[in-house]
Amino acid sequence: MTPRPPSSGQDPKRPAEEPAVPEEKATPRKPTTKKAAGKNPAARKGAGKTSAGKTSAGKASAAKTSAGKTSAARTSPAKTSAAEKATAEKAAAEKATTGRAAVAEKAPAPVPLAPVAPVPPVPPVEVAVSPALDAVDRERLLHGTHHAPHAVLGAHPVAGGVVFRAFRPYARSVTVVGDGLRTALHDDGDGFFSGLLALPEVPAYRLLVAYEGAEPEVEDAYRFLPTLGELDLYLIGEGRHEELWKALGAHPTVHQGVAGTRFAVWAPNARGVRLAGTFNFWDGTGFPMRSLGSSGVWELFVPGVGEGELYKYELTRPDGSRTQRADPMARRTEVPPATSSVVTAAHHEWQDGAWMARRGEVPPHEAPFSVYEVHLPSWRPGLTYRQLAEQLPAYVKDLGFTHVELMPVAEHPFGGSWGYQVTGFYAPTARLGTPDDFRFLVDALHQAGIGVLMDWVPAHFPRDDWALAEFDGRPLYESEDPLRAAHPDWGTLEFDFGRREVRNFLVANAVYWCEEFHIDGLRVDAVASMLYLDYSREEGQWTPNAYGGRENLDAVAFLQEMNATVYRRVPGIVTIAEESTAWDGVTRATDTGGLGFGMKWNMGWMHDSLAYMAHEPVHRRHHHHEMTFSMVYAYSENYVLPISHDEVVHGKRSLVSKMPGDWWQRRADLRAYLAHMWAHPGKQLLFMGQEFAQGAEWSEAHGPDWWLLDPAYGAEADHRGVRDLVRDLNTVYTATPALWQRDTDPSGFQWVTGDSAEDNVFAYLRLDADGGPLLAVTHLSPVVRHDYRVGVPEDVPAWQEVLNTDAARYGGSDVVHPDTIKPEPHPWHGRGSSVRLTLPPLATVWLRPA
């Protein structure tokens, strides 16, 4: 659309704006005569264009005169005739009456004592201002490239009164209304309206905008001051705004006494940003945002917009093309596959004060910590957050788990990614409800005494053209270096951890989930892919760091900053790294060079132990080290033992299906393995469905096979027996400090026998802080071993079996020890006493002092 040129009375040179109120570039009206215009230095001085936010000498002069008036320009003729001198007084009087600028020269006095007639003062001449925008500003607003719309739209004091300008595409008329004020603005074409009112100052006003079939009275968005302060912008520029979500994004608020929503987005490369949404029929033309200096932040307060409105940002790229993007800081989104952001505010009233007060009393690595991993959309398909709150806490509490770990809940477009390809880092997925609904679920879990961990994915993000990829037309969240931007495994993009604003986006995001949703811990996904520049890359596909190494020093600094910030701000929090290499110091403090995580997934234990269990029992003696090697490095980090979703998908088979033999042997192996896992140093994590021996791989399309627990199903008892064992494992575990109190202390573990390869036996002691023991014996042969001697401490007078995975109620053969077992003074396994046990087939037995 070609804008209508300015009126013929406009001069392209305009006086500068008032410094106190952002002002449009006004255009003075030309003098009535060409000669006067050419000789008017004051007019020329104030007519030059000025940039937004700056003032010229002409503007300062205008500010000192009375409203709407300027000093008249004076001109002096070079020569005057004798006749002109004789009639000087008459000429002066005529010129004063007519308002002309020329003043006659004063004639010499013939008599020294004769008084000289004074020259009357010249009245000021008004220099009127044309209210219409010039062609440049019109073009920039029409094409979405204006950095300072508030400087040219709205109401501003100028010479002659107050100028009002509105940009309302599709409007038939715009009228300024207020207390005793009702004036229609002139239609300047292309949706622009303007008017100059002879007012001494900007009044309180609203706009009456007439459309076809409607005439709403609205607040003018361009009369408001910025909603972000200097401190916000400074912290954003420094990459240190730890509450970034409170500054950027969409926030319903009351600003300058008016209710509406403030919008702010970081887009430093954009030539212009406009706001589009349901409130303007997705046409952002009339909603340009202003750039807040060098911060790269664009801001707009929109009166009348409230919760539930959909919106996106329309950005003009450096090449002039446009793109509509979801808000990177959106705290609520549409239900996928829709992609709009949603204006929202938190209203949930938390009831978990008791949980929050005590969660930091004991460090997590010194407390019971058994985790049930859940994919919320498929745990009970079709349930919302609030419906899950009625079922999940009760189920988890019944099984005795201390925590749940939620696979990523941040918004993601593709459900098949299970949440690991995030586009809405600040929004819980809308598939299950609103952010307050998610808060309700967390609150319900806390009230049931269950901690909430959440998978967090700062390693990468998808390439969707409505999300973060080249957000403002250039690489912004991702690196400009293609070798560092593209993630080789998942077809995604890696964050530019070296850019302070990007680090700020992620660090604040970690804090956000913990503070706004009371999350108790973050399990950070794919840490190894962040730490190494050559991760999954061949020679020539990566560039070394400044020291020639393969370590991603920017990612290291980011992880250290994230951990230090979260632990400082959120008491009782725990961060857990999914890190699959031997990187040194993952759980060491940042002030000693570590990454600062609280715990780390023990991927080595998981791979080795599952490899051992997959062997037929007759061959296991050749792989005995696969079960014992973990103790070589068990105390190098604070470990979690993970049997996660990754181990039961993509052809890896479910946990019970990994075991060899017939159905009875598989279940027996599974029960023995789980009890060994619960007794091994480290915390435990088990993925949903594995607690009742689901035979099929997990699928996000239908979730766990709950029908296996239907009493009408013939093999229901087999699956219920495994679930009953998991419940008992957690019950005994929580009540036995020896199994968790010294998980990270080598003095809390002692081998009894770690080399009984021919028998497929592993026996060890776990010790609590006072030295109280628990004896664990795992036997992974399908035979019964009678009178199997095991060395024990001499100071324990008797032992009691507290758990036996071969018990009949679990589906075993019921080779158990119901009676107290007394040690004999028979040295064995390097100890002065020993007990004789009957080892059940494919079973683990726990014994405590009687």
Side-chain angles (χ1 to χ4, degrees), residues 239 266-270 296 315 317-319 321 323-326 328 336-337 339 408 410-426 455-507 509-510 524-559 561-562 577-581 583 595 646 650:
W266 179 60
N269 297 311
L315 298 96
R317 301 182 178 104
D319 63 1
S321 62
T323 178
Q324 276 199 356
R325 298 295 178 120
T339 59
E411 193 60 271
H412 49 284
F414 177 48
S417 76
W418 312 329
Y420 291 97
Q421 295 192 7
V422 179
T423 50
F425 281 81
Y426 284 79
D455 279 11
W456 186 55
V457 192
H460 64 125
F461 58 92
R463 297 174 180 264
D464 299 77
D465 59 7
W466 49 268
L468 296 182
E470 293 192 354
F471 181 74
D472 57 5
R474 292 177 181 167
L476 187 64
Y477 289 91
E478 68 271 36
S479 172
E480 293 184 356
D481 182 354
L483 295 180
R484 292 198 178 187
H487 198 291
D489 287 346
W490 303 310
T492 53
L493 296 170
E494 297 184 10
F495 282 102
D496 182 1
F497 302 111
R499 183 160 190 167
R500 60 180 179 269
E501 296 95 341
V502 175
R503 287 202 311 272
N504 193 172
F505 174 81
L506 293 171
V507 171
N509 186 243
V524 183
D525 184 66
V527 171
S529 75
M530 292 189 277
L531 292 176
Y532 297 97
L533 296 169
D534 63 345
Y535 184 86
S536 287
R537 294 176 172 91
E538 301 296 331
E539 189 69 29
Q541 296 179 340
W542 61 281
T543 53
N545 61 33
Y547 303 100
R550 66 192 187 108
E551 300 82 9
N552 188 335
L553 303 180
D554 292 332
V556 171
F558 154 67
L559 291 170
E561 180 183 349
M562 181 276 296
E578 186 216 10
E579 203 285 306
S580 55
T581 74
W583 184 280
L595 295 182
D646 277 333
H650 300 325

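Computation of the quantities below employed the complete heavy-atom set of this structure, encompassing side-chain atoms and omitting hydrogens, waters and symmetry-equivalent molecules.
Gln541 contributes a side-chain N or O that, together with a main-chain N or O of Glu538, makes up a donor-acceptor pair within less than 3.5 Å. The backbone N or O of Leu553 sits nowhere less than 3.5 Å from a side-chain atom of Glu551 that would complete a donor-acceptor pair. Here the side chain of Asn269 pairs no donor or acceptor atom with the backbone of Asp472 at under 3.5 angstrom. Although no hydrogens or angles enter the test, the distance criterion places no donor-acceptor pair under 3.5 Å between the side chain of His460 and the main chain of Gly491. Proximity of a side-chain donor or acceptor of Arg499 to a complementary backbone N or O of Tyr477 within less than 3.5 Å is not detected. A distance-only check finds no donor-acceptor pair linking the side chain of Arg503 to the backbone of Asp496 [under 3.5 Å].
A ring-centre distance under 6.0 Å is not found for Phe461 and Phe425. If you look at Trp542 and Tyr532, their ring centroids are not closer than 6.0 Å.
Using a 4.5 Å heavy-atom threshold, the side chains of Trp466 and Thr423 count as touching. Put simply, the side chain of Leu493 reaches to within 4.5 Å of the side chain of Arg463, judged on heavy atoms. The side-chain heavy atoms of Val524 and Met562, taken from C-beta on, include a pair separated by under 4.5 Å. In this structure, Phe558 and Val502 have side chains that are not in contact, with every pair of non-hydrogen atoms separated by 4.5 Å or more.
Distance check: Leu531 CG to Thr581 OG1 gives 6.5 Å after rounding to the nearest 0.5 Å. Atom CH2 of Trp456 and atom CG of Asn509 lie 6.0 Å apart (nearest 0.5 Å). Separating the CH2 atom in Trp583 from the CG atom in Leu559 is a distance of 9.0 Å, to the nearest 0.5 Å. Atom CG of residue Asp525 and atom CH2 of residue Trp418 lie 11.0 Å apart, to the nearest 0.5 angstrom. Annotation: the span from Phe471 atom CZ to Asp465 atom CG amounts to 12.5 Å, rounded to 0.5 Å. Rounding to the nearest 0.5 Å places CD of Glu478 at 11.0 Å from OG1 of Thr492.
The salt bridge (Lys or Arg N to Asp or Glu O under 4.0 Å) search around Arg550 returns Asp534, not counting sequence neighbours. For Glu411, the side chain to side chain donor-acceptor pair (under 3.5 Å) partners two or more places apart in sequence, or in a different chain, are Thr333, Thr429, Arg431. Among residues two or more places apart in sequence or in another chain, the ring pair (Phe, Tyr, Trp, His ring centres under 6.0 Å) test is passed with Tyr535 by none.
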> Given Arg484 and Leu533, is the side chain to side chain contact (heavy atoms under 4.5 Å, CB included) satisfied, shown in steps?
Replying inline: CA-CA 7 Å; Arg484 292 198 178 187; Leu533 296 169; 3.6 Å; yes
> Going through the distances and angles, do Asp646 and Glu578 end up as a side chain to side chain contact (heavy atoms under 4.5 Å, CB included)?
Replying inline: CA-CA 12 Å; Asp646 277 333; Glu578 186 216 10; 4.0 Å; yes
> Taking it one step at a time, do Leu476 and Trp266 satisfy side chain to side chain contact (heavy atoms under 4.5 Å, CB included)?
Replying inline: CA-CA 10 Å; Leu476 187 64; Trp266 179 60; 3.5 Å; yes
> Taking it one step at a time, do Thr323 and Glu470 satisfy side chain to side chain contact (heavy atoms under 4.5 Å, CB included)?
Replying inline: CA-CA 10 Å; Thr323 178; Glu470 293 192 354; over 6 Å; no
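The two residues Pro328 and Tyr426 come nearest to each other via the heavy atoms O-CD1, 3.8 Å. Residue Arg537 comes nearest to Pro488 through the heavy atom pair NH2-CD, 3.7 Å, listed as atom of the first residue, atom of the second, then distance. When all heavy atoms are compared, the tightest approach of Asp464 to Pro462 is OD1-CB, 3.1 Å. Here the closest non-hydrogen pair linking Gly239 and Glu561 is O-OE2, 4.2 Å.
For the residue pair Asp319 / Ser321, a side-chain donor-acceptor distance below 3.5 Å is found, with atom types taken as modelled.
Note: Trp490 and His487 have parallel aromatic rings, judged against thresholds of 30 and 60 degrees for the angle between ring planes.
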